Peer 1: 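Before anything else, here's the structure in question.
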There are 2 protein chains.
Amino acid sequence: MRTPHVTIEAPVASRLPGPPPPSAAGPAKTKGAPGVQSESASTGVRTRSQHQRRKRIVQAAAALASRGGVEAMQMRTVAERAGVALGTLYRYFPSKMDLVVAVVGEEIDLLESSIERRPPGATTPPGRAVDVLMRATRGLMREPELADALIRSLIMAEVDTPFGDRMAGLLLRVAGDGLTAETATEEQFALAGSLASVWVHELLEMLRGRRTYEQIQRRIEIAATRLLVDFQPPPSA
Amino acid sequence: MRTPHVTIEAPVASRLPGPPPPSAAGPAKTKGAPGVQSESASTGVRTRSQHQRRKRIVQAAAALASRGGVEAMQMRTVAERAGVALGTLYRYFPSKMDLVVAVVGEEIDLLESSIERRPPGATTPPGRAVDVLMRATRGLMREPELADALIRSLIMAEVDTPFGDRMAGLLLRVAGDGLTAETATEEQFALAGSLASVWVHELLEMLRGRRTYEQIQRRIEIAATRLLVDFQPPPSA
DNA sequence: CCGAAAAGTAGAACACATTCTATTATTTGT
DNA sequence: ACAAATAATAGAATGTGTTCTACTTTTCGG
């Protein structure tokens with residue numbers, strides 16, 4: 001299982017071979033066509049009660065993680081708090097990591113809707129990117145234990161981790177004023193991705209107690225300024 | 001223990017409170033002068049046999065990790081292969097992570113001496129940085145299991161992780177032609193650090209099978225070009 | 001409504017990091 | 001060289017993720 005690939009293989013489509021139920025922590029593969037995609041079909045869910053269960057599980061997990069971090073989020077405890085059997089929990093989330101990924105997914109959803117509600121106001125691409133990243137930073141700082149748990153686990157995750165990609169996409173959108181993974185050049189995409197990874201790293205350093213909020217801001221600004229120079233707002237040119 | 005800090009406290013000097021013996025997984029602080037460095041004083045070791053033990057342990061650990069990755073590197077097995085008791089192993093390395101850090105330290109040492117032997121030939125700062133990073137990448141690729149194990153563990157590590165810092169320092173040296181953490185500006189240091197974190201991230205993606213060597217190279221080049229623009233070789237100006 | 005398949009449950013079982021205990025070397029100060 | 005201190009050892013014990021078993025409900029096609 002823990003075999004690193006190194007050479008890309010199949011596009012890593014569906015990871016879970018047999019698992020029949022909902023599961024599909026699969027934050028998905030940037031759904032081929034950005035059209036619809038009823039979450040019922042995608043996740044292979046059957047009934048509504050399964051959605052309920054899944055939600056209860058993720059909720060319980062998040063609540064526990066908000067307290068003592070990943071270690072407080074013990075599978076037995078999560079199952080108990082969610083009112084499901086341990087076996088069921090494992091049916092929904094084949095490993096603790098998958099559960100963590102699901103929790104993170106919700107957090108990112110939150111950030112994205114927050115961005116939509118109140119878009120970054122800065123006038124330059126780097127400015128907007130920094131704005132978004134620092135907003136995300138503050139959000140995560142509110143629940144240090146959870147943030148710590150989530151970020152680390154995500155990095156460790158064997159499962160498909162849309163974290164970096166989603167962040168990169170988000171940055172692309174706000175920095176490139178409407179750019180998407182499709183309309184951006186490969187280079188721009190790479191740059192957004194780089195900025196995202198710098199952010200993640202700084203966040204980790206902060207959680208380790210080796211950076212203050214201000215230091216992170218400074219470093220993110222420095223990196224963003226360099227990395228996003230070519231993101232001149234498309235129209236004005 | 002798993003409490004993230006968020007607000008910097010004491011400069012996190014010595015982590016191990018009481019542990020009397022060797023320990024000091026401390027891959028050291030980029031030895032001031034690249035000259036000698038009797039490994040006896042630095043680690044606070046007592047006898048020679050302890051050096052032997054320590055070395056045997058790290059060796060056994062590395063060997064095991066080269067095979068099945070972190071999971072093959074089980075503490076019991078390491079202890080056995082190294083010919084020490086489990087308790088002793090834990091006396092030297094309070095946790096598996098510490099052991100991993102030690103193994104990584106050796107790898108980095110290897111890279112550094114390789115760099116010294118054959119310095120990057122490129123003429124631009126970004127070029128030299130890319131050279132070094134890709135050389136490191138190739139080195140790690142030779143033992144994917146080990147690389148995977150090491151990188152992940154390092155990122156997860158609660159312990160002081162000189163990884164990023166050492167890499168940043170190394171980049172600073174090769175890119176800024178002789179710059180050190182001391183002579184560089186805070187900004188340059190931050191930029192080198194950013195590049196290092198981008199590299200680590202790309203490496204992880206590769207180990208996950210989501211990047212090819214070529215893609216990494218391309219991305220590193222893109223990021224390095226932007227991040228190291230101000231690193232103009234100091235003299236020519 | 002019936003029976004098979006799928007999902008859920010309770011709880012035992014297993015694996016591995018980490019800790020603890022009792023005992024036996026080794027080292028060290030004098 | 002001797003006693004106290006320190007290191008090492010063998011191995012049991014603990015904690016938590018993960019797996020497995022046997023059994024009960026739900027769901028669903030007919």
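Lettering of chains follows the sequences in order, A, B, ..., and the numbering in each one begins at 1. Note that this is a predicted model, so its numbers are computed, not measured.
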Peer 1: Expressed in angstrom and rounded to an integer, what is the separation of Met73(A) atom CE from dG17(D) atom P?
Peer 2: 9 Å

Peer 1: Distance check, rounded to the nearest 0.5 Å: Arg54(A) atom CZ versus Gln52(A) atom CD?
Peer 2: 12.5 Å

Peer 1: Using atom OH of Tyr90(A) as one end and atom P of dA10(C) as the other, report the distance to the nearest whole Å.
Peer 2: 16 Å

Peer 1: Any side-chain heavy atom of Met167(B) within less than 4.5 Å of one from Val200(B)?
Peer 2: no

Peer 1: Check the side chains of Arg53(A) and Thr88(A) for a donor-acceptor pair under 3.5 angstrom, ignoring hydrogens and angles.
Peer 2: no

Peer 1: Answer yes or no: is there a donor N or O on one side and an acceptor on the other, between the side chain of Ser114(B) and the main chain of Leu110(B), under 3.5 Å?
Peer 2: no

Peer 1: Say whether, by atom type as modelled, one donor and one acceptor occur between the side chain of Glu106(A) and the main chain of Val103(A) under 3.5 angstrom.
Peer 2: no

Peer 1: Just the rounded figure in Å: distance from P of dA7(D) to CZ of Arg54(B).
Peer 2: 15 Å

Peer 1: Listed in order of residue number, which residues of residues 75-84 of chain B have a non-hydrogen atom at under 4.0 Å from DNA chain C?
Peer 2: Met75(B), Arg76(B)

Peer 1: Let me spell it out: for each of Lys96(B) and Gly87(B), pick the nucleotide of DNA chain C with the closest heavy atom. Which residue's pick is nearer the 5' end?
Peer 2: Lys96(B)

Peer 1: For a 4.5 angstrom cut-off between non-hydrogen side-chain atoms, does Leu170(A) reach Arg173(A)?
Peer 2: yes

Peer 1: Just to verify, which of Val132(B), Thr137(B), Leu204(B) counts as forming a side chain to side chain contact (heavy atoms under 4.5 Å, CB included) with Trp199(B)?
Peer 2: Thr137(B)

Peer 1: Can you see if the side chain of Gln50(A) gets near the phosphate of dG8(C) - specifically, an N or O under 4.0 Å from OP1 or OP2?
Peer 2: yes

Peer 1: Looking at CD of Glu205(B) and CG of Leu203(B), how far apart are the two atoms once the value is rounded to the nearest 0.5 Å?
Peer 2: 10.5 Å

Peer 1: Which of these nucleotides, dG8(C), dA17(C), dA8(D), is closest to any side-chain atom of Gln74(B)?
Peer 2: dA17(C)

Peer 1: Roughly how far apart are Met206(A) CE and Glu214(A) CD, rounded to 0.5 Å?
Peer 2: 10.0 Å

Peer 1: Please give, in whole Å, the distance from dG17(D) P to Met97(A) CE?
Peer 2: 11 Å

Peer 1: Which angle, to the nearest 10 degrees, lies between the helix axes at the two ends of the helix from dC1(C)-dG30(D) to dT30(C)-dA1(D), each defined by five pairs?
Peer 2: 30°

Peer 1: Between Gln52(A) (CD) and dT26(D) (P), how many Å, whole number?
Peer 2: 16 Å

Peer 1: Over how many whole Å does the gap from Ile57(B) atom CD1 to dA7(D) atom P extend?
Peer 2: 14 Å

Peer 1: Provide, to the nearest angstrom, the distance between the CG atom belonging to Leu89(B) and the P atom belonging to dA10(D).
Peer 2: 13 Å

Peer 1: Picking from dT9(D), dT19(D), dA12(D), which would you name as closest to the side chain of Thr88(B)?
Peer 2: dT9(D)

Peer 1: When the distance from CG of Leu86(A) to C1' of dT9(C) is rounded to whole Å, what number comes out?
Peer 2: 10 Å

